[in-house]
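Just below is one structure, and these are the notes that go with it.
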Amino acid sequence: MKRYLSQIMASILVNSIYAMINYPVVLINTLLAPLSILAVVTFASHGTLLPVAALGALIMNMVQSGTSMQGDLSHLKNDMKLQDMIVSSPTSAGIYILGMAISEIVYSIPTLTLLLILNFIFVKISIFGWLTIFLDMILIFTFSISLGFFLSTLSSDIVQSWAFSGIISPLLTTIPPVYYPITYIPYPWRYLSYLSPTTYAAEIAQSAAGYVKLNLINFALTWIILIIFTIFIFVIALKKSRWREI
Amino acid sequence: MHIQVNDISKKYDTKVFALKNISFDVNLSGILAIIGKNGAGKTTLVRILSTQLLPTSGLAFIDGYDVIKEPQRVREIIAAVPQEARAIPWLTPIQTVSSYLMWRGLSYREAREKGREALRILGLEKVENEKNRKLSGGQKRKVLVATVLASEAPLIFLDEPTTGLDYLSRKELWELLMEMKKNRLIILTTHYLEEAEILGDLIGILDKGKLLDLSDIQSLRSKMEYPYSIKIYDRDIKMVVNGIVKDVSDGLQIFTNEKNVYEIIPKLLEKKIKFSVQEVSLSNIFEFFVEEGVQDEEVLEPNNGFNSG
């Protein structure tokens with residue numbers, strides 16, 4: 001157990017703590033994306049969408065962890081050849097990925113703290129509501145980390161990895177109704193937004209906070225679809241990605 | 001450290017064999033240098049043995065552990081620095097080495113202690129808190145070598161660790177590797193033949209995915225028909241010799257056997273021609289093994305009055 005903790009800690013140190021200590025400017029980087037959209041939506045709606053957008057920023061932060069992990073893993077694998085060194089060591093693929101996933105959370109702690117403060121101030125909900133949002137965030141985080149890991153195994157260089165990040169981020173966070181309620185999207189475009197798992201995550205969070213009304217069946221269905229999305233991409237990531245090349 | 005490789009082959013998507021029926025059995029503490037041209041299969045062999053890549057067919061065992069079926073056991077006793085590995089620029093040397101040791105399972109404290117010790121041995125203690133990006137090329141390589149040195153793994157793979165380094169930096173690394181090889185096996189690939197000759201207790205010659213030979217330098221020489229080289233600093237000399245004659249930049253080079261050396265030297269002394277005699281170098285051996293034409297041991301007849309006979 002101690003050994004696994006050391007191995008997980010090594011990933012956290014390399015991928016987040018040392019990066020933050022040695023280059024403090026990276027802290028601003030993680031803050032900027034969720035807060036800038038939050039600001040735009042808040043100003044454009046004259047403040048009325050601030051609570052919804054604050055929840056959306058939390059979701060974006062979780063998705064951003066996955067896209068960051070995709071970039072970090074492929075950079076360490078393709079440019080530094082670190083992954084090959086790790087493969088030839090006692091660290092297993094699962095432990096390495098777990099460590100890297102946690103490192104992404106650690107990396108976003110400053111953003112997460114700020115967003116949680118904003119949410120506690122502007123989003124008035126019960127403890128049950130917060131628990132729902134917490135589980136929702138864990139699911140979307142698992143989804144994005146799995147997607148990030150899967151894409152990192154596909155990318156052979158940093159340019160490809162940037163392209164993946166550039167595609168994922170708007171498709172999962174900017175375009176879908178994450179920062180605003182889905183009812184703002186007219187039909188038939190609303191159907192398209194249901195292709196993104198973040199739409200379901202946002203609906204769950206918005207309904208937990210009382211901004212969207214979902215009946216029990218729809219609420220259950222939203223959870224089920226989000227869980228299916230997450231399991232699907234998790235299994236694909238496990239099956240398609242290879243620790244040892246063939 | 002005992003390594004058995006039985007009939008290992010590797011074919012990539014291109015359907016070209018990167019390795020073809022490689023077999024060897026080595027029980028050694030020291031350095032096994034693998035040489036070969038670019039694309040000879042050196043990296044593929046190292047990646048298979050260091051559990052990074054699966055072979056298409058064949059078996060390999062490291063200290064009795066099956067490299068294909070028991071990679072976790074093998075990974076406990078190996079450490080590898082891949083070709084083109086780079087020290088992560090935003091880390092310091094001590095952070096680089098200690099993190100790697102933590103991935104090997106050491107606690108933070110142990111990793112820092114062992115990391116410091118390895119950096120001290122490599123003469124990097126003064127820059128241990130500098131960012132890697134600020135270090136020279138040689139220092140960056142040393143940081144990577146320090147990671148595997150500190151691991152105390154009994155089998156270390158270094159894939160072209162000195163590529164791109166200047167001569168003095170390479171020499172420094174050689175000295176370090178000579179120290180490191182005590183009590184462990186280092187499998188080192190290189191295309192610097194001088195490096196393989198100086199460092200290699202055993203030398204494996206790979207070409208087009210085939211292992212042409214694996215022996216110590218003396219055994220390789222003994223397999224040569226002409227194990228001696230006489231360098232003559234005069235192109236106009238006329239003499240009949242038994243061996244291979246080559247034009248070189250500053251004269252002629254004769255590859256011949258011991259008996260002929262004793263015949264040629266008195267003639268050269270008599271004509272007061274400047275010359276030097278030595279055993280053939282690994283470069284010469286490599287050329288004989290690998291290069292087309294020479295490997296068939298043709299007798300060359302340059303148009304300079306020197307006749308082979």
Side-chain angles (χ1 to χ4, degrees), chain A residues 1-27 29 71-100 102-103 107 153 156-158 242-246, chain B residues 10 12-13 43-44 46-56 67-68 71-92 94-96 98-111 129 131-133 144 147-148 151 153 155-157 159:
Chain A
M1 189 64 191
K2 256 175 121 178
R3 184 180 217 208
Y4 293 143
L5 287 176
S6 275
Q7 292 169 340
I8 290 168
M9 195 60 203
S11 298
I12 296 170
L13 283 170
V14 168
N15 203 42
S16 56
I17 293 174
Y18 289 150
M20 289 194 279
I21 292 170
N22 297 344
Y23 291 132
V25 71
V26 297
L27 295 171
N29 181 42
D72 292 342
L73 282 178
S74 77
H75 178 55
L76 293 174
K77 177 183 139 204
N78 299 319
D79 303 327
M80 301 290 131
K81 304 289 174 196
L82 177 75
Q83 192 168 307
D84 282 347
M85 287 180 77
I86 307 294
V87 171
S88 299
S89 83
T91 298
S92 66
I95 293 290
Y96 178 62
I97 299 306
L98 180 64
M100 294 304 269
I102 297 171
S103 81
Y107 196 75
T153 64
S156 52
D157 58 62
I158 197 71
R242 289 204 173 269
W243 188 236
R244 185 189 211 181
E245 288 175 35
I246 53 167
Chain B
K10 179 69 192 175
Y12 290 109
D13 295 339
T43 297
T44 302
V46 162
R47 294 195 75 216
I48 288 172
L49 293 178
S50 60
T51 74
Q52 294 166 21
L53 181 72
L54 281 168
T56 307
V67 169
I68 295 143
Q72 276 316 113
R73 286 187 181 274
V74 173
R75 287 166 185 159
E76 295 287 340
I77 54 173
I78 65 168
V81 178
Q83 190 182 2
E84 295 171 8
R86 287 169 57 200
I88 298 172
W90 68 83
L91 299 186
T92 64
I94 185 64
Q95 289 169 345
T96 307
S98 60
S99 307
Y100 177 75
L101 294 178
M102 288 172 74
W103 269 309
R104 295 196 67 88
L106 270 64
S107 69
Y108 177 80
R109 204 176 184 178
E110 283 175 300
N129 292 313
K131 286 189 187 98
N132 287 332
R133 69 178 166 84
L144 291 173
T147 58
V148 289
S151 76
L155 173 57
I156 287 175
F157 295 92
D159 194 359

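Throughout, a chain's letter reflects where its sequence line sits, starting with A, and its residues are numbered from 1.
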Do [X] and [Y] have side chains that get closer than 4.5 Å, going by heavy atoms?
X      : Y      : result
A/L13  : B/Y108 : yes
A/V87  : B/R75  : yes
B/W103 : A/V14  : yes
B/Y100 : A/M85  : yes

Tell me, for [X] versus chain B, whether the close heavy atoms (under 4.5 Å) come from the side chain, the backbone, both or neither.
X      : answer
A/I8   : neither
A/Y96  : side chain
A/I246 : both
A/L5   : neither

So which part of [X] gets closer than 4.5 Å to some heavy atom of chain A, the side chain, the backbone, both or neither?
X      : value
B/P55  : neither
B/L101 : neither
B/A80  : both
B/R133 : side chain
B/A111 : neither
B/T147 : side chain

Practice task
For chain A, find which of B/E84, B/K131, B/Q72 contributes the most heavy-atom pairs closer than 4.5 angstrom.
Solution key: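 Of the candidates given, the most pairs with chain A belong to B/K131.
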
Problem - Minimum-distance pair of heavy atoms, taken over all atoms of B/S99 and A/A10 - result: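 Smallest interatomic distance, heavy atoms only, reads O-CB, 3.5 Å.
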
Exercise for the section: Might you point out which heavy atoms bring B/Q95 and A/N22 nearest each other, and give the distance in Å? Expected result: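 Nearest pair, atom of B/Q95 first, then A/N22: OE1-ND2, 3.0 Å.
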
How many angstroms lie between atom [atom1] of [X] and atom [atom2] of [Y], to the nearest 0.5 angstrom?
X     : Y      : atom1 : atom2 : result
A/K81 : B/L144 : NZ    : CG    : 13.0 Å
B/W90 : A/N15  : CH2   : CG    : 6.5 Å
A/S88 : B/Q52  : OG    : CD    : 3.5 Å
B/L54 : A/R244 : CG    : CZ    : 4.0 Å

Practice task
Kindly say whether B/L106 contributes a backbone atom to a donor-acceptor pair with the side chain of A/S6 at under 3.5 angstrom?
Solution key: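 Checked: pair present.
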
Exercise for the section: Hey, could you give me each pair passing salt bridge (charged side-chain N to carboxylate O under 4.0 Å, His left out) that has a residue in residues 1-11 of chain A? Not counting sequence neighbours. Expected result: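 Residue pairs passing salt bridge (charged side-chain N to carboxylate O under 4.0 Å, His left out), neighbours aside: A/R3-B/E76.
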
Practice task
Could you note down all residue pairs passing salt bridge (charged side-chain N to carboxylate O under 4.0 Å, His left out) where residues 83-99 of chain A supplies at least one of them, sequence neighbours left out?
Solution key: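 Output for this query lists A/D84-B/R47.
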
